[in-house]
Amino acid sequence: MIRIKLFISLTLIILTCFVKVQAHDYADSSIISTASPLGWIIKTKSSVYQLTVSKEGRVQQVYYGPADQLSFKQKNALWINSADEIPVRGAFPVKTPLLEVVFADHVRDAELKFLDANIMNVEGRPTLKITQRDTYYPLEITSYIRVLPEYDILEKWVEVKNSGKKEAIKIENLQSSSINLPADVYDLTHMAGDWGHEFQLRDTRLTEGIKTLQARDFKSFVNPNWYMVRPADEKEDTSGSAWFGTLQYSGNWRIDFDKAFNGRLQIVGGINFWDTDWTLKPGQTLQSPKFVTGFTQSGSEGASRALRTYVRKTILPEKWRNKPRPVLYNSWYATAFKVNEEQQLALAKIAKEIGVELFVIDDGWFKGRNDDHAALGDWTVDQKKFPNGLGNLIKQINAMGMDFGIWIEPEMVNPNSDLYRAHPDWVFNFPHRTRHEGRNQLMLNLAREDVYQYLLKSFSTLLNENNIKFIKWDQNRTLSEPGWPAAPADEQREVRIRYINNLYRLIDTLRSRFPDVLFEDCSSGGGRVDLGMLSRMDQAWASDDTDPVNRLLIQYGYLNAFPANTMVSWITHEDWYKIKPTLGYRFDVAMSGVLGVGFDITKWTMEEKNTAKEKIALYKKIRPLVQQGTLYRLIAPYDNDKCALTYVSDDRSSAVVFCYNMAVILPGSTDVSQKPNLLKLQGLDPSASYQITALGNTVYKGSFLMNIGLSWPVNGAYQSKILEVQKVTE
Ligand code: DGJ
């Protein structure tokens, strides 16, 4: 009986699929329905993900790995044969569950069975939708797999529905995705960090047990939600298998790596339900954020390149996706909180002279904001500092030919503010518990509708009344005591999810009201960079650490997961190691992302201004390559005394190469490098000829540049060189 039902469903699926293929003219066949076994094969350029429906009606993963293995019947001797696509709390607790529910009669076991499936079009991409239903209770779970074949990426997410009429279902855990890797020995790469030390790489062997990466607050300093897993015997940067993933979410998250004794690895990721649950009332649905999972055989660099390109071409807000990010000046390092009209105009005049396109005032412009102890929440201009409002300043900056931008921190409030005095109940709090301050701030409970409406009104007014073309959206503290005493009891633990939903709603509404404004993501540096933010913010401030040597390490890490046209990098006076880096070196480091200037430029000599002018002009010339080209990371700064990156145009006709020396002799080394001192390029056309201006206009074959390599072109500690590479016809 079940078989007949499944056969009928399958026939319907095939028909639906055929109709949809016709209707939407899919150029590919990324999702193929199979009849025997009943199931689906999902293909990207290098990977295959296979699902089948067992005769008991269980939807199971049977393969996720290299595409060329698909034709082998037995793909891996130790392949798991009971990996549910949606592992639940229920029956044998052998896997890490994606879903944990409690029904109204206190039953805590779920039991799912295949209901139907459909291949559909979600925002122009083929998507497999599978619905399963509990065998007794009114619980439906629909899982989606959206395929982006050219990036080797699948987006996975789920929706749970209470299809009953009377009783609620408590969701104690709902992850976005579970995937299973073939049995093997695996190494995990992830990122770690802290304020001023964002995006540091860590490698670890995954032994039996569960390794959890997670965030319990709204910060990603400690570990952005990104990972890469590789078989332990595949070490090449540019070849070999790599599974990678990230979550499109900015709230609490977790990713579990569940390793079994026989080598199987399950990776489960989504919202962190620690101290969270959700009451699903009759008829209601809860949707998880999207989890991005990828597989490539082009090694760790191939994995990062696929992810960066996917973010650049499909995730970033469409309006600015393909537009050049302006060179900006931000006065924070020059004037901190002590801003006023006259001094900002003096800075703006020089900024214009050196080639800046966007002038930004950071913190300190609003009423009573003289340090970080007061005024957050009161979003009106400080009349003492700007007696003419912002209008006059903006008019003059616009007359110089620059756009104007401003800093805001919507989610926080200082207890010393009119807003907090009027609404002490608008912050997260528990009765009888300390309201812990971070940077003298409390966190507004944005889950509340009144808070949302207040913020929307404040910033709509600011943007309506002033010609502001850029917003730097900061967030400077972590979450503590997330209480919401005024909410109904069964909603109180939903507060974190509701906060993030309203945060996204606020940004989205402001963006739709002010479509010409460019948005920058900031959180005490790079404390909240993820695909949830980057689908709403055009660029991100990577770190408050602007020392150029530290920046090389931070930026290299950032580029594991996020594209260069989002990586904002300013040159400032910071010099953590007292090595007196030259202005040219500072510029060369910042020019590999979105260039900004943060010095007190009124103190610059003519020579410094001329260097800045030359560097900014060069940046504008190479900007299309840096911001829209394909990045190949050539030399990692971690165990080297140097670092190199190249950005190549889509048609491979031009490239720019950034070469940096750090210390010239590594601690514990000899006075002669133990590695050949070569620079091998990547991404060029091997049969084409290229000219390199900075190397005396010499012409080289692409194959020579990539396989034989140039002598390392930089001499001396903390020196750098930018090479422009141009295809020529001989
Ligand atoms: C933290 C940011 O990371 C800095 O760039 C600056 O905007 C300060 N906040 C302002 O308070």
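Since the model is a prediction, treat every value here as computed from it, not as a measurement. The first residue of the sequence shown is numbered 1, and numbering continues consecutively from there. What you see below is based on every heavy atom in this structure, not just the backbone, and it leaves out hydrogens, waters and symmetry mates. Each ligand, and each atom within it, is numbered from 1 in the order the structure gives.
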Heavy-atom contacts with [X] under 4.0 Å: which atoms of ligand 1 show up? List them by number with element.
X      : answer
Trp541 : 3 (O), 5 (O)
Lys472 : 4 (C), 5 (O), 6 (C), 7 (O)
Gly525 : 3 (O)

| said: Does either side chain, that of Asn476 or that of Gln441, offer a donor lying less than 3.5 Å from an acceptor on the other one? | reply: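 There is no such pair (donor and acceptor under 3.5 Å, judged by atom type) between the side chains of Asn476 and Gln441.
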| message | Side chains of Ser535 and Tyr504 only: does a donor on one sit below 3.5 Å from an acceptor on the other? | response |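 Absent: no donor and acceptor within the cut-off.
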| Close N or O approach (Trp407, ligand 1; < 3.5 Å) |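 The answer is yes, given that Trp407 and ligand 1 share an N or O pair closer than 3.5 Å.
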| said: Quick check: Asp363 and ligand 1, any N/O pair under 3.5 Å apart? | reply: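 Yes, there is a polar N/O contact under 3.5 Å.
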| field | Exceeds 12 heavy-atom contacts within 6.0 angstrom, atom CD of Glu607 | value |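 It does not: Glu607 CD has 12 such atoms or fewer within range.
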| query | Any ion pair linking Arg536 and Asp508 (charged N to carboxylate O, less than 4.0 Å)? | reply |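 Looking at Arg536 together with Asp508, the answer is yes, because their closest N to O distance falls below 4.0 Å.
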| Salt bridge or not for Glu574 and Arg551, using N-O below 4.0 Å? |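 No salt bridge links Glu574 with Arg551.
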| query | With respect to atom 7 (O) of ligand 1, which of Asp362, Asn330, Asp371 exhibits the smallest heavy-atom separation? | reply |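 Among Asp362, Asn330, Asp371, the closest heavy atom to atom 7 (O) of ligand 1 comes from Asp362.
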Have a look at ligand 1 and work out which part of [X], if any, has a heavy atom under 4.0 Å from it: side chain, backbone, both or neither.
X      : answer
Asp372 : neither
Glu409 : neither
Cys522 : side chain
Arg439 : side chain

| said: What I'd like to find out is whether the side chain of Asp530 reaches to under 4.5 Å of the side chain of Tyr249, using heavy atoms alone. | reply: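 Result no, sub-4.5 Å side-chain heavy-atom pair not found.
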| request: Indicate yes or no: at least one non-hydrogen side-chain atom of Tyr452 is less than 4.5 angstrom from one of Thr509. | output: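 Yes; the side chains approach each other to less than 4.5 Å.
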| field | Distance from atom 9 (N) of ligand 1 to nearest protein heavy atom, with residue and atom | value |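 The closest one turns out to be Asp474 OD2, 2.7 Å.
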| request: If you have a sec, work out which protein heavy atom is nearest atom 4 (C) of ligand 1 and how many Å separate them, to one decimal? | output: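 In this structure, atom 4 (C) of ligand 1 has Asp544 OD1, 3.5 Å as its nearest protein heavy atom.
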| task | Show your working on side-chain contact (heavy atoms from CB on, under 4.5 Å) between Val381 and Trp365 and close with a plain yes or no. | result | CA-CA 6 Å; Val381 180; Trp365 59 270; 4.1 Å; yes
